[in-house]
Trainee: 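After the structure tokens below, expect a handful of questions from me.
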Amino acid sequence: MTRENAVSRRKALKVTGAAATTALVAGCGGGGNGNGNGNGNGDSNDSGNGGGSSGTEIEPGTTIELDAQTTEWTGIAPDSIADASNPTLILTEGETYTIGWPQGDGGTHNIELRNDSGDVVEGYETETTNEEEPGDSQMIEFEATSEIVEYVCQPHEAQMVGEIQVE
């Protein structure tokens, strides 16, 4: 028995496998946005800034320290965000926090707290600097309000941006 235009089982499996691999690489595979973690732009530790519901709860009064790298903010303190890329911070409404970057890569950086329109909230921003250890000049004390939705480095706003959730 012969078939016209026969496709072997091996060829069919190769084509199916190639299509599935292409869809996965393109980000069409289940639950994700093309970055493998399903929550936006973060890494596998659920601290990304892509609008996912996960994040790290920060105690009121805490100083949140970040390392300013041109490619991302890297968490330093508290320990719960250490080494996280653009960690999502969950804050308590009406409580006071301090956020900033005591160290960086020598690139030009600042930090701003923005609303959902991308505007700086209540003047919560620092001047840009290229100091590797800027000290307190890059720290902002602020009251958490629902208006604040992200922290951003203005010169690198495409990659140095982290989500703030206020509850």
Side-chain angles (χ1 to χ4, degrees), residues 27 29-167:
N33 289 332
N35 64 4
N37 69 354
N39 72 347
N41 294 328
D43 54 19
S44 61
N45 65 8
D46 291 331
S47 60
N49 66 348
S53 61
S54 62
T56 302
E57 290 187 29
I58 307 295
E59 290 294 317
T62 298
T63 296
I64 303 159
E65 294 183 349
L66 304 163
D67 185 0
Q69 299 296 311
T70 301
T71 57
E72 67 182 11
W73 292 110
T74 304
I76 298 174
D79 287 342
S80 57
I81 65 164
D83 299 320
S85 173
N86 297 323
T88 296
L89 308 174
I90 302 173
L91 310 180
T92 303
E93 182 140 18
E95 296 292 340
T96 301
Y97 299 85
T98 301
I99 189 170
W101 58 280
Q103 66 187 47
D105 60 6
T108 301
H109 302 293
N110 79 329
I111 189 165
E112 302 177 352
L113 301 180
R114 296 184 181 175
N115 62 23
D116 58 5
S117 297
D119 299 321
V120 173
V121 176
E122 297 183 31
Y124 294 138
E125 63 185 319
T126 62
E127 297 293 322
T128 57
T129 183
N130 59 2
E131 294 179 51
E132 289 185 26
E133 295 182 14
D136 290 342
S137 71
Q138 292 297 311
M139 303 300 284
I140 300 170
E141 184 177 66
F142 68 101
E143 182 179 317
T145 67
S146 58
E147 188 178 7
I148 300 170
V149 299
E150 63 186 5
Y151 58 95
V152 180
C153 172
Q154 187 275 323
H156 307 106
E157 59 188 10
Q159 58 270 36
M160 292 180 72
V161 58
E163 181 180 0
I164 295 178
Q165 299 173 9
V166 178
E167 300 177 344

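It should be emphasised that the depicted structure is a prediction, and the values quoted were computed from it without experimental measurement.
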Trainee: Please report the closest heavy-atom contact between T88 and S54, naming both atoms and the distance.
Mentor: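 For T88 versus S54, the nearest heavy atoms are CG2-O, 3.5 Å.
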
Trainee: Within the structure provided, determine whether I140 and T126 are in side-chain contact (heavy-atom separation under 4.5 Å).
Mentor: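 Counting from C-beta outward, I140 and T126 do come under 4.5 Å.
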
Trainee: Is the shortest side-chain heavy-atom distance between L66 and P87 below 4.5 Å?
Mentor: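 Yes, their side chains come closer than 4.5 Å.
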
Trainee: On a heavy-atom basis, which atom in N86 and which in M160 lie closest, and how many Å separate them?
Mentor: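 Taking every non-hydrogen atom into account, OD1-CA, 4.1 Å.
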
Trainee: Might you point out which heavy atoms bring P102 and P134 nearest each other, and give the distance in Å?
Mentor: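 Closest pair (atom of P102, atom of P134, distance): O-CD, 3.5 Å.
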
Trainee: Could you pull out all residues at least two apart from E65 that satisfy side chain to side chain donor-acceptor pair (under 3.5 Å)?
Mentor: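 Not a single residue meets the side chain to side chain donor-acceptor pair (under 3.5 Å) criterion with E65.
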
Trainee: Taking atom CD of E93 as the centre, report whether more than 12 heavy atoms of other residues, nucleotides or ligands fall under 6.0 Å from it.
Mentor: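 More than 12 within 6.0 Å, yes.
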
Trainee: Measuring from atom OG1 of T71 to atom CD of Q159, what distance do you get when rounded to the nearest 0.5 angstrom?
Mentor: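 So the gap between those two atoms works out to 7.5 Å.
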
Trainee: Side chains of Y151 and L89, heavy atoms from C-beta outward: is any pair under 4.5 Å?
Mentor: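 Result yes, sub-4.5 Å side-chain heavy-atom pair found.
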
Trainee: Taking atom CD1 of I58 and atom CD1 of I90, what is their separation to the nearest 0.5 Å?
Mentor: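 That separation rounds to 8.5 Å.
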
Trainee: Taking atom CD of E147 and atom CD1 of I164, what is their separation to the nearest 0.5 Å?
Mentor: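 Separation between the atoms: 12.0 Å.
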
Trainee: Going by heavy atoms in the side chains, are Y97 and T92 under 4.5 Å from each other?
Mentor: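 Y97 reaches T92 side chain to side chain.
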
Trainee: In sequence, state the C-alpha distance, the side-chain angles, and the governing distance for I64 and L91, and then conclude on side chain to side chain contact (heavy atoms under 4.5 Å, CB included).
Mentor: CA-CA 11 Å; I64 303 159; L91 310 180; 4.2 Å; yes

Trainee: Might you point out which heavy atoms bring E141 and Y124 nearest each other, and give the distance in Å?
Mentor: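 For E141 and Y124, the tightest heavy-atom pair comes out as O-CE2, 3.7 Å.
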
Trainee: With sequence neighbours left out, write down each residue that passes salt bridge (Lys or Arg N to Asp or Glu O under 4.0 Å) with E157, or none if nothing qualifies.
Mentor: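 Partners of E157 under the salt bridge (Lys or Arg N to Asp or Glu O under 4.0 Å) test: R114.
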
Trainee: Surrounding CD of E57 (heavy atoms of other residues, nucleotides or ligands, distance under 6.0 Å), is the total greater than 12?
Mentor: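 For E57, atom CD is not crowded (no more than 12 foreign heavy atoms under 6.0 Å).
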
Trainee: State, yes or no, whether a side-chain contact exists between N110 and E127 at a heavy-atom distance under 4.5 Å.
Mentor: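 In short, these two side chains do not touch, never coming nearer than 4.5 Å.
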
Trainee: If you count heavy atoms of other groups shown closer than 6.0 angstrom to CG of D136, is the number above 12?
Mentor: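 It does not: D136 CG has 12 such atoms or fewer within range.
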
Trainee: What distance do Q154 atom CD and E125 atom CD have between them, rounded to the nearest 0.5 Å?
Mentor: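 The CD atom of E125 is 9.0 Å from CD of Q154, to the nearest 0.5 Å.
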
Trainee: With sequence neighbours excluded, what pairs up with D105 under the side-chain contact (heavy atoms from CB on, under 4.5 Å) test?
Mentor: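 So D105 forms a side-chain contact (heavy atoms from CB on, under 4.5 Å) with Q69, T70, H109.
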
Trainee: How long is the gap from CD on Q103 to CD on E133, to the nearest 0.5 Å?
Mentor: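 One finds 7.0 Å between CD of Q103 and CD of E133.
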
Trainee: Taking atom types as modelled, find out whether T74 and E72 have a side-chain donor-acceptor pair closer than 3.5 angstrom.
Mentor: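 Yes.
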
Trainee: Using the side-chain contact (heavy atoms from CB on, under 4.5 Å) definition, which of the options I148, V152, V149 pairs with L113?
Mentor: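 The single option meeting the side-chain contact (heavy atoms from CB on, under 4.5 Å) with L113 is I148.
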
Trainee: Taking C-beta and beyond as the side chain, do I111 and W73 meet within less than 4.5 Å on heavy atoms?
Mentor: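 Sidechains of W73 and I111: in contact.
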
Trainee: Enter the distance from M139:CE to T63:OG1 here, rounded to the nearest 0.5 Å.
Mentor: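 The OG1 atom of T63 is 5.5 Å from CE of M139, to the nearest 0.5 Å.
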
